[in-house]
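Below: the structure, in structure tokens.
The sequence lines fix the lettering, A, B, ..., with proteins before strands; numbering per chain opens at 1. Computed from a prediction, not measured in an experiment: that's the story for all the values here.
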Number of protein chains: 2
Amino acid sequence: MQERLAGEGSAPLYMRVRDQLAIRIEEGSLTPNTRLPSERILADEYGTTRVTARLALAQLEAEGRIFRSNRRGWFVSPPRLIYKPTQDYSFSENVISQGRIPATETLDVTPTEINAWLATRTGLAVGDPIVWLRRRRQIDGRPVLVENIYLNPKRLPAIETYDFNRSLWKLLREQYGVELQGKHIEMYPTALVGPQANALGVTIGTAGLYVTRCSHDAEGGFVEFDEEFWLHDALSIQVEVY
Amino acid sequence: MQERLAGEGSAPLYMRVRDQLAIRIEEGSLTPNTRLPSERILADEYGTTRVTARLALAQLEAEGRIFRSNRRGWFVSPPRLIYKPTQDYSFSENVISQGRIPATETLDVTPTEINAWLATRTGLAVGDPIVWLRRRRQIDGRPVLVENIYLNPKRLPAIETYDFNRSLWKLLREQYGVELQGKHIEMYPTALVGPQANALGVTIGTAGLYVTRCSHDAEGGFVEFDEEFWLHDALSIQVEVY
DNA sequence: CTGCTTTACTGGTATATACCAGTTTGACAA
DNA sequence: TTGTCAAACTGGTATATACCAGTAAAGCAG
């Protein structure tokens, strides 16, 4: 190809490449979940090198417009899931209501003990028993979050014997009569590292959103503490205040 | 120096450099707002090249642990500001209550008209008058967000004549008797580009958090629409639900 | 001491190249 | 037709190098 981009705007080359790709996404010639041309081909098309092409791709990734799948290529990001933490309790119902297909996988269920960090979050004492549940959740087949859930076995006896590949919220309500009342939610953007990046199949350091949620029942007793690691391009958060 | 890092864990070199720097931050030999050694010096210290050193730095930046100031160097990030969108109305008061020093600069005040995008957000009609206000806000001298505020001149006559380098929320209450009642908040992680990156003095593409807030008064009338662009490492969001 | 200019230093952008580690595809054998 | 294996291709990591564009410090002139 060797079609060099004009340097009119004097913008950096990698931003001009970014702009060209953004146009191809916006105008619809590249639709959600479509694979982009490979880095080597893009570099050739725009008359530059892989390093610069990767800068342009990293830019679009940071904007949440494309994502990568390990050694498979770059893909156009699907729309963000709208998530209303003050209203939504069920991931699955929320995903379905937006016309998409949810999936949940249980990675691990481990009875363990409260450590210092969990003690300050849950109000329980260090050494108290807790059930640690790890799940991965998908939208349209794409893993978008992993979560660590810590369940209070005093409030939820034999909780570890249930199937977790379904709505936890429904399980708590139907099997234990728990009506979640209060929640404390905290969230901030950060990078996905270690087990979280692995479980989501993304490069270590991919941008993410970290969300924690501590739920209590109607009597104010601690029920569950939830720690979620989302892909940063997968959700949009909405809060209504009255 | 030329002290090459052992490759025991077989982790990539740039991650091992990252780990070394993270330790220096955690143990306190690098404190908030301290400048890190320059990229060239780091590359030399760890026996590698600038490109790899930059990978390590970009990693820590994505995690929100360091930030850069254009051509001045890399610095250790200060703690995140805790922001409770359901409770907090005043940026300044919130910053002060966390023992830090706020500052606000008015960048621009422009009377203009509602466009299609604003119409869907505010409920007003295309062509209706609106006052567009641009501000930059700092914590301890570091610009952490820029905002576009759209004020309803029908509800707030002569609003453009006031000084905006203070709490807008107090201005509305004291001068117009507005008691904000309902808010619709939306937020998602994205990259800072164009005027926003410029105003914050960061590289185009720096990770950010985009927050919009639409406020109504007690009678349900539209008062103001606010669009905020935050540095991604500057805040932690907390929501309480009862 | 003050104010200006020069210089050194910083990160920002870019090229060229190489090898590695998974994924996908296509050829071939059973 | 099915299963296996090799080849081609993908992004991931890394070195070496160069020049540009701002920042900050040193030095000099007044």
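- For the pair A:Asn70 CG and D:dT13 C1', the computed distance is 12 Å after rounding to whole Å.
- Atom OH in A:Tyr14 sits roughly 8 Å away from atom C1' in C:dG12 (whole-Å rounding).
- Within the structure, every side-chain polar atom (N or O) of A:Thr52 is placed at least 4.0 Å from both OP1 and OP2 of C:dT13.
- Along DNA chain D, the nucleotide nearest A:Ser69 and the nucleotide nearest A:Val51 are compared for position; the residue whose nucleotide lies closer to the 5' end is A:Ser69.
- Between B:Arg50 and the phosphate of D:dA16, there is no side-chain N or O to OP1/OP2 separation shorter than 4.0 Å.
- In the set D:dG12, C:dT15, C:dG12, the nucleotide with an atom closest to the side chain of A:Arg68 is D:dG12.
- Aromatic pair B:Tyr83/B:Trp230: ring centres closer than 6.0 Å.
- Of the charged side-chain nitrogens involved, at least one lies within less than 4.0 Å of a carboxylate oxygen, so that A:Arg68 and A:Glu61 count as a salt-bridged pair.
- Side-chain proximity of B:Thr48 to the nucleotides C:dA14, D:dA14, C:dC20 is greatest for D:dA14.
- Under 4.0 angstrom from either OP1 or OP2 of D:dT10 there lies no side-chain N or O belonging to A:Arg40.
- Residue pairs meeting the salt bridge (charged side-chain N to carboxylate O under 4.0 Å, His left out) criterion with at least one member in residues 105-115 of chain A, sequence neighbours excluded, are A:Glu105-A:Arg136.
- Sorted by residue number, the list of members of residues 201-208 of chain B with any non-hydrogen atom under 4.0 Å from DNA chain D is empty.
- OP1 and OP2 of C:dC9 both lie 4.0 Å or more from every side-chain N or O belonging to B:Ser38.
- The A:Leu13 side chain lies nearest to C:dT15 when the options are C:dG22, C:dG11, C:dT15.
- The interatomic distance linking B:Arg54 (CZ) with D:dT15 (C1') rounds to 16 Å, in whole Å.
- Taking the ring axis of A:Tyr46 as reference, the NZ or CZ atom of A:Arg16 does not stay both within 45° of it and closer than 6.0 Å to the ring centre.
- Using modelled atom types and a 3.5 Å distance limit, the side chains of B:Asn165 and B:Thr104 yield no donor-acceptor pair.
- Taking atom CZ of B:Arg16 as the reference point, atom C1' of D:dA14 lies 11 Å away to the nearest angstrom.
- The backbone N or O of A:Asn148 lies less than 3.5 Å from no partner atom in the side chain of A:Arg135, so there is not a single donor-acceptor pair.
- Both A:Leu55 and A:Arg72 lie near DNA chain C, and the one whose nearest nucleotide falls closer to the 5' end is A:Leu55.
- Salt-bridge formation is detected for the pair B:Lys170/B:Glu93: a Lys NZ or Arg NE/NH1/NH2 atom is positioned less than 4.0 Å from an Asp or Glu carboxylate oxygen.
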